[in-house]
Every structure is written in C-alpha cells, then in structure tokens.
Novice: 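Provided herewith is a single structure, encoded as structure tokens, for subsequent inquiry.
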There are 4 protein chains.
Amino acid sequence: MTRNRIKEVAYKQLAEKGYDQATLSSIAKEVGIKTPSIYAFFKNKEDLFMAVYKDLLEEYYLHIKRSIANFKNGSAKEKLYQIVKELCNYYLSQPEKTAAYTKLAFYLPPTLNDKVKNIFNEMEEMLFEVLETIFSEGIEQGIIKDQPVDDLIASFNCLMDGLFLELLFYTEAKFRRRAEQVWNIYWNGIYKEH
Amino acid sequence: MTRNRIKEVAYKQLAEKGYDQATLSSIAKEVGIKTPSIYAFFKNKEDLFMAVYKDLLEEYYLHIKRSIANFKNGSAKEKLYQIVKELCNYYLSQPEKTAAYTKLAFYLPPTLNDKVKNIFNEMEEMLFEVLETIFSEGIEQGIIKDQPVDDLIASFNCLMDGLFLELLFYTEAKFRRRAEQVWNIYWNGIYKEH
Amino acid sequence: MTRNRIKEVAYKQLAEKGYDQATLSSIAKEVGIKTPSIYAFFKNKEDLFMAVYKDLLEEYYLHIKRSIANFKNGSAKEKLYQIVKELCNYYLSQPEKTAAYTKLAFYLPPTLNDKVKNIFNEMEEMLFEVLETIFSEGIEQGIIKDQPVDDLIASFNCLMDGLFLELLFYTEAKFRRRAEQVWNIYWNGIYKEH
Amino acid sequence: MTRNRIKEVAYKQLAEKGYDQATLSSIAKEVGIKTPSIYAFFKNKEDLFMAVYKDLLEEYYLHIKRSIANFKNGSAKEKLYQIVKELCNYYLSQPEKTAAYTKLAFYLPPTLNDKVKNIFNEMEEMLFEVLETIFSEGIEQGIIKDQPVDDLIASFNCLMDGLFLELLFYTEAKFRRRAEQVWNIYWNGIYKEH
DNA sequence: CATGAATGAGCCTTCATTCAT
DNA sequence: AATGAATGAAGGCTCATTCAT
C-alpha cells in the first residue's frame, strides 16, 4: 500500500534529516512516485508527519507497555534491569525509528505540538506508575534503600534520558557497554546492603 | 558591532527554530538590517552558523575549564558535585545558548559535521582527563569504591547527558530539584561506606 | 440525475466565484461525488461550463421570448413597460442565474467565446426585431415621437444594460425603485405630448 | 522603474484575463523579469493587485473630479452632456484601464473587497453631490422639468452604467454613436418644453 | 558597510485529467 | 456510473546568494 510506503520513507527521512529537510519531493522520489501523489493520501505535509508521529509514539508506547507486562515476576532489581535492557534493545533494533523519535522531540511544527505532547504525557504517566510500584515494593521488601520514591524515579528517568541521548553518538557495541556501566553504578546507588 | 549582533540573533533563532527555520532574512529582520548585509560579515549561511557554533562550543568549553580550575582543592565528592552544579548553573543562566547548543547537536548541516565534531571531541577528552584524575584520587583516598574508572566516567557522563536533555522539558525549579535527586543517588552508588 | 446536479452546482459556483475558482473538485465536493466522476458526464471542464452556459442562455432566451408573446396586445407603452418589468422580475427571481450570466459575459474561456457569442447574437437580433416592431407601431400610431427607431432601440438597450449592471450592487427593494425611476424618465423622453 | 512596469503589466493582464489568469509568472514574463523579482516590490499577488486597484480607482476618481471642475460654467444641459462625453472619452482613451476597472468590479479577491468598496463609495457620493447640484439648479432655472431629483440622478447613473457595460461589446465608432443616441433620448425626457 | 534589484533552485500545493477497476 | 491512484503542469512563494552602486 502506497500510503504506508510514504509514511515509512517519511519517518526514515525525518530521522536522517529532520522535518524541514524531509521534503515532500525527496520523499516522493524515494517512494518512486511523483510529489502530488502524496496528496492522494495525506492532506498536508503536516498531516503526513502527524500520522508518522502518531505511529511512532503509539508503537513506542505499546512496546514499553508490553515489555513491562513481561516482568510481572522477578525482584525489583530484575524488573528495573529488564526495563533498561528492553528499552536499549528497542532503541538498537529500531535505530531509524529512535532517531525519528528524537528529531520529533526536538523540533515539532508548532501546529502539531499540542497533539503530540498529549501522547508524550500519557506515556510518561504510565511509566511513572510502573516505576512507583516497583520502587515501593523494593523498599518494602528491604531490597532498596528507604528513600523518597520520587528521587528514585527521577534518577531512573535521568539515566534513561542520558542513554537515549548517547544512543545518537555511540556505536551499538559501545552503547551496550555504556548501558551496563551506567546501570551498575545506578543500582549500587539504590540497593540496600545487608 | 554588527557582526556580533548578527551572531547573537543567529544563535537565538537557532535555539528557537533550528537551523532551517533560522532564515537569513529572519535574522536580518531581527537585527534591523537587510539580508545581503549579512554577507559583508559572513561568507555564507554555513559560515555564519559555523561561527556561532564555534563561539558556543568555545564558551562552553572555557566555562567547564574554568569551573574545574576552581575546584582544585576539596574532596572528590565536592569536586564532582561542583562540576554538576556548575554545569547546571551554566545551563540555567544561558537557556538560549543551551537550546542552541542542543539544536546543534541534533542537526548539523552535513558540511559542518566534521569541523564541529572535532571541537566536541576535544571537549570530551578534556573532561575525560579531569574526571579520570578525580576518580583515581578518590579511589586511592578510599572515598570512592574501587571500581573501573571507565565505568565511573561513563555513568557520570550519562548523568550529565540525562540532565542536559531534561533541561529542555522542565522549569528551572523542577530541574534544580531533579539535579539534586539524581546527584544523590549517583553519589550513593559510587562512594565507599566506612 | 447526477448530471443535472453537477450543472446546477457548477453555475451556482460560477455565479459566486467565477470560472477559475469554480474548480471541478469544489463542484464535486458540493455535489457529493469525487472529482473524476464528473468526467462520466462531461468531457471537460470546458464542456461542463459550455453546457451550463447553453442552459443559461437558452432559458433566458426562452423567457424573453415567452414574455414578449404575452404582450401581443396592449399599447406600445404597455408592451415596453412589460418587457422591462418582466426582465427585472426574472433577474430578481433568479439572482444566481443572473450572476452566473454576468460572470459569463465578463470572462469566457477563450475556446468558448465563439460558440457563446453566437447565442448572444441570436438573442440580440430577436430582441431587436421585437423592439423595432413595437417602436415602429408606436410611431405610426402617434404614441411615440417620430425619431430614428435605431436611437430608440439603442437607448432602450442601454437602459436594460444599466439596470442589469446595477442588479449586482443593489438590494431588491432599491433595485425595483430604481427600475421605476429609470423607466419613467425613459418613457417621458420618447412619448409625444398632445 | 521596475515597480511601475510590473503594475502596468499587471493591470493590462487584469484587463485581458482577469485576476486568476493574470499569473505572477505571466506578468513577470511580459515585464522581462523572473517571477520572484516581483516580490522585491510587492509583498503578495494580492498586494500587487491592491496597488493596481488603488491606482486605477484614484486615477478614475481624479479624472471625474477634474472633468467636473471644468464645467463650472454653462447650462445644466451642457454640464450633463459634458460629463457623459468626458467619461466616454476617458473610457475610450484608456480602454485597458477601463477593462481592468470592470474586471475589478466583477471579481475581487475577498480580502480586498472592503478596502476597494470604500473608494467606490467615496466616488459615488461625490458624483451624487455634483449631479444633485446640477439638477436642482436646472429645475430652479426652469430648464429641467420639476421632478424628484432622486429620479433624475438614478436614471442618469443608469445611463452611465449602461454605457459602461456596452463599452465592452462595441467598437469605438459604434459606441460613440450609441452614446449620442442614448444621451438625446435621455435629455428629451427631462427637459421642459416651452 | 549597506542595500536595492535580481535570480536559480526549490518548496508546498492545487488543478484538470487519465486510467484501471 | 463511480472511484482510487497517479500525474504533468503550473501557481504562489521563500530562500540563499550575487552584483552593481
């Protein structure tokens, strides 16, 4: 289906070049159609990218949700580690989508801003709840030092954000190593020795 | 001096709108000159932004260098904390420059890529050396757990990157709080209890 | 019948926006079909509007013809007055058709020019003959001052044209008043006092 | 000055083809420049045509005003006749401007509507006052039949409008003849026999 | 230094039209 | 009879850039 090919090329070029440089004509050329044909499927350039964004966010959202569902069992440490690992895997398995996702976060055509931010917030809230549960349980079970859950979540997110950013600069091997290093230090900071 | 006013408006608009949307004409308009006048000072759009980038990076570089010089004395903990705090202060005191700096990191006109990356690398190396010294000393003095200095540096950088990214999404108050939280957990992870 | 709905929407939009802005797609949208469907009924945009024009002209032509037939009896004054009145009624009862008719007169796609002008001329000739008869009789009967019939026809037409033009600028009430005023002065000018 | 050449070609093409078909590129081609050059002088297509309209209206307005000033002396009949004659002369000496003026009256980009209508109204009011004076004086002096001045003005305007419309369909010679015929009948209608 | 004028390249978009289904 | 998909042509417009003044 052409519509999907357009969308895929669109997010690929978004990843590579950003919104402005991802020209309708360059997208059309890569798809193998003429520029005006895009308008048979999307009202606008904005409309096209809004669709791309929506897909990207939904897929990401879904993936996180599903990953989390998989770690119902296991210790707090295992759960947290799995989350980090899963997200790293996702990032690395979908480098283009991740890059597109990043571009998205850094420049958004003003019109799309609000719509996209809503999905962002939704995702953040979900992740927040999950982490809250894990940390609370960890503390109750004496595995994690007793400290404000807020702090734990904040620094976990910061870790994730840092990794996310570094994703853009490192090769896969380096990145994986780095993720391990970072995780270790993080865990050492929060677990309670016996 | 007009040349500087151009550069300042340029990085301001870079921060706000990114490279593509920071049009020469929109820059000229804000400066209060006509577009072609820019060519009296810069060969190119690329040339202008290369200058902007260079300034941005050099200032950032210099700032880090100076900050570090200030913490010649003090414990490893103090030194590291000062680095975090100083950078956060810098980010917060120069939100526009920081935003520009970020845009720069996320999209660079291909021609500029190599030149800019060099400066990046230089900065990273410098920071690496500083951190290496601090961590090594900390371990020697028994303040920091004995562990690979590489890991310590990696996770310190990840912390900084995470904060850097979050800078874009949080208000100053929230950000400051977050920085404290993150630092605490980090330090708990690396210091050696007695 | 779809064909007719297309035609009606077409002349309505012609009236509102003129030939160029009466887009096939905007017509299709208002009809509730897809643009290419129009081609099932009309060869062309030109073809469609040619049909619209033809209808418009024929209806107008027919109307004038029928109106005139009604005034077989009566004095010259009555006949002329009835023509003016009838046409004004027609204009006012079909404001959209009249507007379309006007647009038609003012811009015609070059290809249609000749075809349309033929119908115009036909109509004008018919009207000319009718007026000729009325004026000649009026003069013979001593009701109208003895003067060149040509002049009488010319100024009657000018009166009609003026009213036609003013139709576009005035409300119905104002227009009706104006028509009466103009007619009175016109008649006072040509009738012969005893 | 290029700016003026653009405006002149613009109104010429407006006269010939109407607003939509008077393409910026076709205007540029006739001027002998490239399309984007137009934007050095006009913000917009609308801006360009607004300038054209303003010129057209102002010139027309000025011409009427000056013509009228010339007939300060003379009988009512002379004055009225001079107005008709002057306007016909103007129309005929500036066929393109008149055609443009007509196109203007029949289709106006919606944005320009209000601005242009103001100038229209101003002109109409001025003409109304002048005619009011002439007719009132004519009646006082016993040259014109005692009748509502409103009627006299309405039918004079209708005469002018009719002529204006016919201007588009007739050759100069025919038109001049027609104007004479129409004037005669008009005057015969309003003058008072002794 | 600064600018007015000009331009090639290119962008987003619309339009009339075709064709296979 | 109707439509989804596609397209060539063209339109309005912006941009970076040049050049003479």
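So that the names make sense, note that chain A is the first sequence line, chain B the second, and so on, each numbered from 1.
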Novice: Could you tell me the separation between the CZ atom of F49(C) and the P atom of dT17(E), rounded to a whole number of Å?
Specialist: 11 Å
Novice: Could you check which of dC13(F), dT17(F), dC1(E) has an atom nearest any side-chain atom of L24(D)?
Specialist: dC13(F)
Novice: From the set dG11(F), dC1(E), dT17(F), return the single nucleotide nearest to any side-chain atom of T23(D).
Specialist: dG11(F)
Novice: Quick one: list whatever passes side chain to side chain contact (heavy atoms under 4.5 Å, CB included) with K34(B), sequence neighbours left out.
Specialist: P36(B), S37(B)
Novice: Within the 4.5 Å heavy-atom criterion, are L48(D) and F41(D) side-chain neighbours or not?
Specialist: no
Novice: Give a yes/no verdict on a cation-pi contact between K7(C) and F42(C), requiring under 6.0 Å between NZ or CZ and the six-membered ring centre and an angle within 45° of the axis.
Specialist: no
Novice: Would you kindly give the NZ-to-C1' distance between K17(D) and dA10(F), to the nearest whole Å?
Specialist: 13 Å
Novice: If I take atom CE in residue M1(A) and atom C1' in nucleotide dA6(F), what distance separates them, rounded to the nearest angstrom?
Specialist: 15 Å
Novice: Any idea which heavy atoms bring A28(A) and I38(A) closest together, and the distance?
Specialist: CB-CD1, 4.1 Å
Novice: Atom CG of L48(B) to atom C1' of dT17(F): distance rounded to whole Å?
Specialist: 14 Å
Novice: 5'-most contact on DNA chain F: K34(A) or Y39(D), nearest heavy atom basis?
Specialist: K34(A)
Novice: Please tell me which of G32(C) and D20(B) maps to the more 5' nucleotide of DNA chain F, matching each residue to the nucleotide holding its nearest heavy atom.
Specialist: G32(C)
Novice: Using whole Å, report how far CZ of F42(B) lies from P of dT17(F).
Specialist: 13 Å
Novice: Expressed as a whole number of angstroms, how long is the span from F41(A):CZ to dT13(E):C1'?
Specialist: 17 Å
Novice: Ignoring the backbone of I33(C), work out which of dA6(F), dT17(E), dT3(F) is nearest its side chain.
Specialist: dT3(F)
Novice: Could you tell me the separation between the NZ atom of K45(B) and the C1' atom of dC15(F), rounded to a whole number of Å?
Specialist: 8 Å
Novice: Any salt bridge linking E30(B) with K12(B)? Criterion: basic side-chain nitrogen under 4.0 Å from a carboxylate oxygen.
Specialist: yes
Novice: Any chance you could encode DNA chain F as dot-bracket? Rule is Watson-Crick or G-U wobble with both distances under 3.5 Å; [ ] for pairs crossing earlier ones, | for another strand.
Specialist: .||||||||||||||||||||
Novice: Considering only side-chain heavy atoms of S25(B), which listed nucleotide, dA6(F), dG12(F), dC15(F), is closest?
Specialist: dC15(F)
Novice: In terms of side-chain heavy atoms of P36(C), which of dC1(E), dT17(F), dA5(F) is nearest?
Specialist: dA5(F)
Novice: Reckon S37(C) touches a base, only the sugar-phosphate, or nothing at all at heavy-atom distances under 4.0 Å?
Specialist: base
Novice: Can you measure N44(D) atom CG to dG11(F) atom C1' for me and round it to whole angstrom units?
Specialist: 13 Å
Novice: With nearest nucleotide decided by heavy atoms, which residue, T2(D) or A22(A), maps closer to the 5′ end of DNA chain E?
Specialist: T2(D)
Novice: Suppose we call two aromatic rings close when their centres sit under 6.0 Å apart. Are Y53(D) and Y11(D) close by that rule?
Specialist: no
Novice: Do Y91(D) and Y60(D) have a side chain donor and acceptor closer than 3.5 Å?
Specialist: yes
